[in-house]
Amino acid sequence: MSENKTILSFVQPSGDPTLGNYLGAFKNWAKMAKEYNCIYAIADLHTLTVRQNPADLRKNSRQMLALLLALGLDNEGKNIVFAQSHVSAHAELAWVMNCYTYIGELNRMTQFKDKSSKHQANINAGLLTYPCLMAADILLYKADLVPVGEDQRQHLELTRDVAERFNNLYGDVFTVPEAYIGKVGARIMGLQEPTRKMSKSESANANNVIFLNDDINQIANKIKRAVTDSDNTIKAAEDKPGITNLLNIYCAVTGKTVEEAEKEFAGMGYGAFKGAVAEAVVEDLRPLKAKYDEILKDKTYIDNIIKDGAERASKIAYRTLGKVYKKLGFLPRT
Ligand code: TYM
C-alpha cells in the first residue's frame, strides 16, 4: 500500500552535515526510500533567513547533495533529488501560504523565537514566514509522510493546519501530511552541551558537534570526550542528559532499543561505554563516508542529478500550483 505513497523531506545546506541530521533525518529517509515515492531536496531558499556566504553556500549545497547520493537517495526510479531554488513553484506557493497563515501562528514557532534571539541584528520577515515556505515545499508534492527530527514537529503541525484551512475553503486541494519522527535519534544533543540540540550552525566548540566531514579518528575522539556525569550508571534519565544522548546515538546507529542497550552496558564504566559508542558510530559511518568522499569529487555528476531532479519535480509542483491558482480564481494562462 505504501507503494503509491509519497514521502518528502528537505535539509538546509547552511553548514556541514552533522550526526544530528544523519541520525534524526537522513537515515530514516534512506530506510524509507525503498517503499515510497521519495522527494528529497536541499532547502537553499530557507538558508537566506540567516546571512550566508555565497561561496560557502555553494560548497555546502554540493556536500549535502553528495551525502544524500551516498546514502543511495539518487534520481533512480521513484526518487527525485533536487535544489529547492530550481523549482520556482516553491516561492510562488509560499506567497499563497503567507496569505493563509496568521501572524499569531508564526509568532508561536519556537524556532522563530530561538533564531530571532540568536540573530538579533537580522530579524528579517523570512525568519518569521519560514514555515510558509516549508508548507509550500510539502504541499506542492502531496506528500503523505514527512520524516524529520523532533525540532521540525511544530512546523509540520502548522503545515497541517494551513492545508486543512485551505481545503475547507476551496475543496480537496492538498494532501494533509503526517510527520514521521523516529523513536531514537529524533533529537541528538550536543556532546559538550547535552541539553541543547546538536546543530550545524554551532561550531564554536568543535567537540560539541560531529560533522560528517570529520575524519574517523576525530569522530571517535569527540565521542570519547563527551560530557557525562559522576554517577557512573549507564541509564537514560532526565537528570543524565549526557548518558541519555550517547545511548540514543548508540541505538540510532545499531537499531537496538534503549532498554536493550542499558542491559548490554550494565555495570560497565563510562570510559568503556564511550568506546563502544564510538566504535558503533564509526562502523556505521565508515562506508558512507567513503562513498561521500568519492561522489563529492564529481561536481558534474551532482549537478546533472539535480538538473534532472528539478525537471521531474517541476512537473508535479506546477500541476499542484495550477490547481491552487484555479481554485483561487486567477485567470487561466492560455
Ligand atoms: P534542518 O536543515 O535544520 O535539518 C535537516 C533535518 O535534520 C534534522 N535534525 C536533527 N535531528 C535530530 N537531532 C538533531 N540534533 C538534528 N538537527 C537536525 C531536522 O529535524 C531535519 O529533519 N526546515 C527544515 C528544512 C525543510 C524541510 C522542508 C523539512 C525545508 N522544507 C520540508 C521537511 C519538509 C530544516 O531547517 O531542517
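Note that ligands are numbered from 1 as they come in the structure, with each ligand's atoms numbered from 1 the same way. Starting from 1, each residue takes its place in the sequence as its number.
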Quiz item: Between the side chains of T110 and Q154, does any donor sit under 3.5 Å from an acceptor?
Solution: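 Yes, a side-chain donor-acceptor pair sits under 3.5 Å.
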
Quiz prompt | Modelled atom types, side-chain donor and acceptor of D151 and Q111, under 3.5 Å | solution =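 Checked: D151/Q111 side chains show no N/O donor-acceptor pair below 3.5 Å.
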
Practice problem: Just need the protein heavy atom nearest to atom 6 (C) of ligand 1, so name the residue and atom and give the distance. | Solution: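 That would be A25 CB, 3.6 Å.
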
[X] versus ligand 1: do any nitrogen or oxygen atoms come within less than 3.5 Å of each other?
X    : answer
G20  : yes
M198 : yes
S9   : no
G149 : yes
K197 : no
H155 : no
D137 : yes
T18  : no

Self-check item: K113, NZ: over 12 other non-hydrogen atoms inside 6.0 angstrom
Solution: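 It does: K113 NZ has more than 12 such atoms within range.
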
Quiz item: Should the heavy atoms of other residues, nucleotides or ligands under 6.0 Å from NZ of K240 be counted, would the total exceed 12?
Solution: yes

Salt bridge flag under 4.0 Å for residues [X] and [Y]:
X    : Y    : value
E178 : K5   : no
K27  : D284 : yes
K256 : E264 : yes
K263 : E260 : no

Answer with yes or no whether [X] contacts ligand 1, where contact means a heavy atom under 4.0 Å from a ligand atom.
X    : answer
A143 : no
Y130 : yes
A186 : yes

